[in-house]
Protein chains: 2
Amino acid sequence: MTDTPGRLLSLLSLLQMPREWPGSELARRLEVSPRTIRRDVDRLRDLGYPVEASRGSIGGYRLVAGAAMPPLLLDDDEAVAIVVGLRTAAGQAVAGIDEASMRALAKLEQVLPSRLRYRVGALGAATTTMPIEGPAVEPEVLSALAAAITNRERARFRYSTHEGAQAARHVEPYRLVTAGRRWYLVAFDLDRDAWRSFRADRITDARGTGARTTPRELPGQHDGDAAAYLQTSMYTSAPTYSADVTVHAPAATVVGRLGDTPQDVVAIDDTSCRVHRHTDTLPWIGSKLVALGCDFEVHGPPEVVEHLRLLIRRLQAGVR
Amino acid sequence: MTDTPGRLLSLLSLLQMPREWPGSELARRLEVSPRTIRRDVDRLRDLGYPVEASRGSIGGYRLVAGAAMPPLLLDDDEAVAIVVGLRTAAGQAVAGIDEASMRALAKLEQVLPSRLRYRVGALGAATTTMPIEGPAVEPEVLSALAAAITNRERARFRYSTHEGAQAARHVEPYRLVTAGRRWYLVAFDLDRDAWRSFRADRITDARGTGARTTPRELPGQHDGDAAAYLQTSMYTSAPTYSADVTVHAPAATVVGRLGDTPQDVVAIDDTSCRVHRHTDTLPWIGSKLVALGCDFEVHGPPEVVEHLRLLIRRLQAGVR
DNA sequence: CGGTATTAGGTCGTAATCTGTCCTATACCG
DNA sequence: CGGTATAGGACAGATTACGACCTAATACCG
């Protein structure tokens with residue numbers, strides 16, 4: 001009975017036990033020569049299994065981690081976090097991550113203590129993911145950019161504008177930022193000699209160049225916080241305004257419809273409230289007001305009023 | 001690249017997922033012939049792994065749950081999935097999950113083989129999470145509802161409407177659905193004697209009652225898919241229309257601005273295109289058209305035109 | 001009822017692989 | 001220093017894995 005793949009799986013099971021196995025012992029149990037055992041161990045290592053060996057008189061083989069790891073001691077919240085994270089990642093805009101995260105979840109489940117395994121399994125089995133359409137980030141892009149960032153390497157990639165045109169970019173990558181289901185790269189653009197943020201889903205063929213970067217500081221008072229920098233830089237392309245609006249709807253309703261950002265909504269009475277949004281672009285303010293679906297009065301500033309008049313003209317032209 | 005043992009491990013990894021795999025699909029993914037897949041399945045069975053198969057048109061292979069598995073390694077995509085999942089979970093609308101997922105990520109990193117540990121560490125260190133404000137789901141609520149679902153128990157909880165009123169609910173929970181960063185519970189409401197979907201962030205004090213549920217079938221042709229049911233049920237509250245619009249902007253721009261859903265956008269020439277959105281509610285269509293930020297002409301249907309006229313009146317009243 | 005898509009399994013020829021038996025090098029420990 | 005362990009190269013022969021092709025059995029669907 002010489003079944004090579006089966007023997008490898010058996011070897012894996014043996015090595016999983018928390019003890020050391022001399023090669024001769026393994027050879028005896030698997031009924032092959034010690035030379036074959038050495039080759040099998042080699043193959044397991046090629047497959048990525050961390051088989052460690054100690055030489056000398058009391059030497060032997062054992063599997064170190066990634067396998068039999070009883071002390072993966074997570075508390076309940078951490079277990080929930082794993083399921084929540086991997087489940088929502090399944091609906092995420094990263095290519096092929098739905099399956100990958102399900103496989104990862106199944107594998108992680110194997111190494112959890114039984115109480116948590118039950119909890120994780122229940123939460124995973126009771127949950128369905130609603131897929132989200134949209135441009136997808138390539139996992140390789142994320143990996144390559146992350147490697148370049150930690151290695152302090154420059155990086156090159158191809159970037160597509162939203163019109164579809166592609167161009168090569170040469171940057172010093174600073175941070176990846178995840179915001180909702182979008183991924184951004186904050187980097188110093190070497191060609192344009194300025195800081196830029198890039199949408200990761202528009203990046204292809206990313207790779208580190210090997211050239212070391214000079215550490216740079218993010219502009220502005222962000223204290224190195226790439227998320228904060230991104231937040232403001234996304235609005236610097238267009239001027240922002242603070243809209244002041246009275247809305248004829250209950251405050252609670254308005255908070256709900258304005259989406260996920262709790263704005264400064266002050267109730268006036270049961271049927272109306274005053275909304276004060278800040279740092280919004282004109283189109284965004286207009287879109288949100290329309291989305292409210294109820295009557296309102298704009299108090300200012302004049303630019304917002306003017307923009308709404310433009311919207312009126314556009315709508316009138318559109319329905320003619 | 002014919003690596004039989006590695007392929008067997010990959011096969012196990014695929015089969016442990018909670019779905020059925022047709023042999024042809026497995027053959028395609030593992031890049032071998034279907035005959036080889038059958039032989040591999042035979043070998044796994046010989047080794048004691050309970051691979052079950054169902055014949056017929058919707059047949060396939062699967063691994064019965066609870067089987068003792070050899071230690072399976074995470075591949076690169078799965079490692080990326082874990083970081084992506086736990087990182088985005090950190091910005092997620094689940095209370096306290098940011099810390100919990102960071103702790104879980106740190107602990108997972110400890111037990112990964114070194115190659116992946118480096119990859120995961122790099123991706124984790126290079127990534128910043130932009131926090132998302134919004135109502136938060138309690139992890140305990142998710143755990144309790146998940147437990148009730150898998151145990152087929154009834155559940156009671158308090159539910160807040162978006163006006164802020166609270167009420168006790170008594171349901172037979174069916175599934176948790178995660179859509180983007182929102183969590184929903186699809187359940188049969190025992191008081192109202194009808195199927196309902198609940199936003200998990202508005203649920204508090206959820207607990208299973210211990211009373212067994214009678215298995216029910218979701219209404220509609222969703223074949224038990226809670227996500228599909230939720231998708232349609234979210235729109236049944238309002239009628240939907242198919243807007244037909246000519247937009248004076250390049251097709252690529254329009255696709256980008258319409259958000260994440262790739263719609264039926266057909267380019268007319270370099271500066272205009274025809275958009276045909278279906279199953280949208282009237283407010284949604286209006287909001288999207290305004291958000292486009294360019295000129296357009298609406299061809300129909302009449303209800304959409306009428307709704308845009310309403311928007312015009314609202315805007316005119318608002319800026320007066 | 002027939003059509004179709006699935007699992008299941010036999011056979012065969014070729015190419016690739018695996019294995020055992022040498023051999024040497026290296027590291028640890030008493 | 002000697003014993004024992006891992007590590008690995010070279011080689012010849014036996015074995016196996018693979019794909020291509022075939023038939024059978026089963027389940028679903030119209």
Side-chain angles (χ1 to χ4, degrees), chain A residues 1-65 67, chain B residues 1-12 14-65 67 113-115 217 221-225:
Chain A
M1 172 90 178
T2 81
D3 177 24
T4 316
R7 191 186 59 240
L8 271 180
L9 289 181
S10 305
L11 182 57
L12 208 46
S13 304
L14 287 176
L15 288 176
Q16 200 181 354
M17 302 175 63
R19 58 162 284 193
E20 285 221 337
W21 297 89
S24 54
E25 170 88 11
L26 293 172
R28 195 181 55 76
R29 295 182 72 119
L30 298 176
E31 296 173 344
V32 287
S33 76
R35 183 67 182 89
T36 302
I37 292 296
R38 288 200 288 276
R39 275 194 277 248
D40 286 352
V41 167
D42 257 3
R43 270 205 293 252
L44 285 182
R45 291 207 252 249
D46 279 345
L47 287 170
Y49 288 91
V51 182
E52 280 200 354
S54 44
R55 314 172 94 114
S57 349
I58 55 163
Y61 298 95
R62 70 187 175 281
L63 204 54
V64 61
Chain B
M1 168 105 172
T2 93
D3 177 25
T4 317
R7 193 185 57 239
L8 279 183
L9 289 168
S10 304
L11 186 56
L12 272 178
L14 287 175
L15 287 176
Q16 72 173 344
M17 294 178 63
R19 58 162 285 192
E20 290 222 330
W21 296 90
S24 55
E25 171 89 11
L26 294 172
R28 193 182 57 76
R29 299 182 69 118
L30 300 177
E31 296 174 338
V32 289
S33 77
R35 184 66 183 90
T36 302
I37 292 295
R38 286 200 288 276
R39 278 194 273 246
D40 286 351
V41 168
D42 261 1
R43 257 203 297 248
L44 288 182
R45 286 181 179 147
D46 281 346
L47 288 168
Y49 296 100
V51 181
E52 285 196 351
S54 45
R55 316 170 89 114
S57 321
I58 53 166
Y61 296 95
R62 71 187 172 280
L63 204 56
V64 308
S114 59
R115 187 182 57 94
E217 290 216 347
Q221 297 89 355
H222 299 117
D223 198 22
D225 184 350

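For clarity, every value in this text was computed on a predicted model and none was experimentally measured. All chains are named by letter (A, B, ...) in the order of the sequence lines, taking the proteins before the strands, and each is independently numbered beginning at 1.
- Side-chain polar atoms of A/T36 and A/S33 form a donor-acceptor pair below 3.5 angstrom.
- Distances shorter than 4.0 Å separate some side-chain N or O of B/T4 from OP1 or OP2 on D/dC18.
- In this structure, A/Y61 atom OH and D/dG8 atom C1' are separated by 10 Å, rounded to whole Å.
- Expressed to the nearest 0.5 Å, how far CG of A/L15 lies from CD of A/E20 amounts to 10.5 Å.
- Closest of all the heavy-atom pairs between B/S54 and B/R62 is OG-NH1, 3.9 Å.
- Distance A/R7 CZ to D/dA17 C1': 14 Å, rounded to the nearest Å.
- Taking every heavy atom of both residues into account, A/R29 and A/L14 meet most closely at NE-CD2, 4.1 Å.
- If you measure from atom CD of A/E52 to atom P of C/dC28, you get 13 Å, rounded to the nearest angstrom.
- Taking CG of A/L63 as the start and CH2 of A/W21 as the end, the distance is 13.0 Å to the nearest 0.5 Å.
- When the C1' atom of C/dA8 is taken as reference, atom CZ of B/R43 falls 16 Å away, rounded to whole Å.
- Atom pair A/L8:CG and D/dA17:P shows a separation of 12 Å (rounding to whole Å applied).
- For the atom pair B/R7 CZ and B/L9 CG, the distance stands at 11.0 Å (nearest 0.5 Å).
- Note on the helix from C/dC1-D/dG30 to C/dG30-D/dC1: angle between the axes of the first and last five pairs equals 60°, rounded to 10 degrees.
- Only A/V32, A/S33, A/R35, A/T36, A/R39, listed by number, bring a heavy atom of residues 32-39 of chain A to less than 4.0 angstrom from any atom of DNA chain C.
- Atom CD in B/E20 sits about 17 Å away from atom P in C/dA5, given to the nearest Å.
- Both A/P5 and A/R45 lie near DNA chain D, and the one whose nearest nucleotide falls closer to the 5' end is A/R45.
- At whole-Å resolution of the value, CZ in A/R62 and P in D/dA5 are 16 Å apart.
- Note on A/S24: nothing from the nucleic acid sits closer than 4.0 angstrom, heavy atoms only.
- Between the CZ atom in A/R38 and the OH atom in A/Y61 there is a gap of 6.5 Å [rounded to 0.5 Å].
- Nearest to the side chain of A/A53, among C/dA8, D/dA7, C/dC18, sits D/dA7.
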Pairs under 3.5 angstrom only: tabulate donor-acceptor contacts from the side chains of residues 41-50 of chain B to other protein residues two or more places apart or in another chain.
{"from": "B/R43", "atom 1": "NH2", "to": "B/D40", "atom 2": "OD1", "distance (Å)": "3.0"}
{"from": "B/R45", "atom 1": "NE", "to": "B/V51", "atom 2": "O", "distance (Å)": "3.0"}
{"from": "B/R45", "atom 1": "NH2", "to": "B/V51", "atom 2": "O", "distance (Å)": "3.3"}

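- Spacing between atom CZ of A/R55 and atom P of C/dC28 amounts to 7 Å, rounded to whole angstrom units.
- Nearest heavy atoms, B/L8 versus A/P5: CD1-CB, 3.4 Å.
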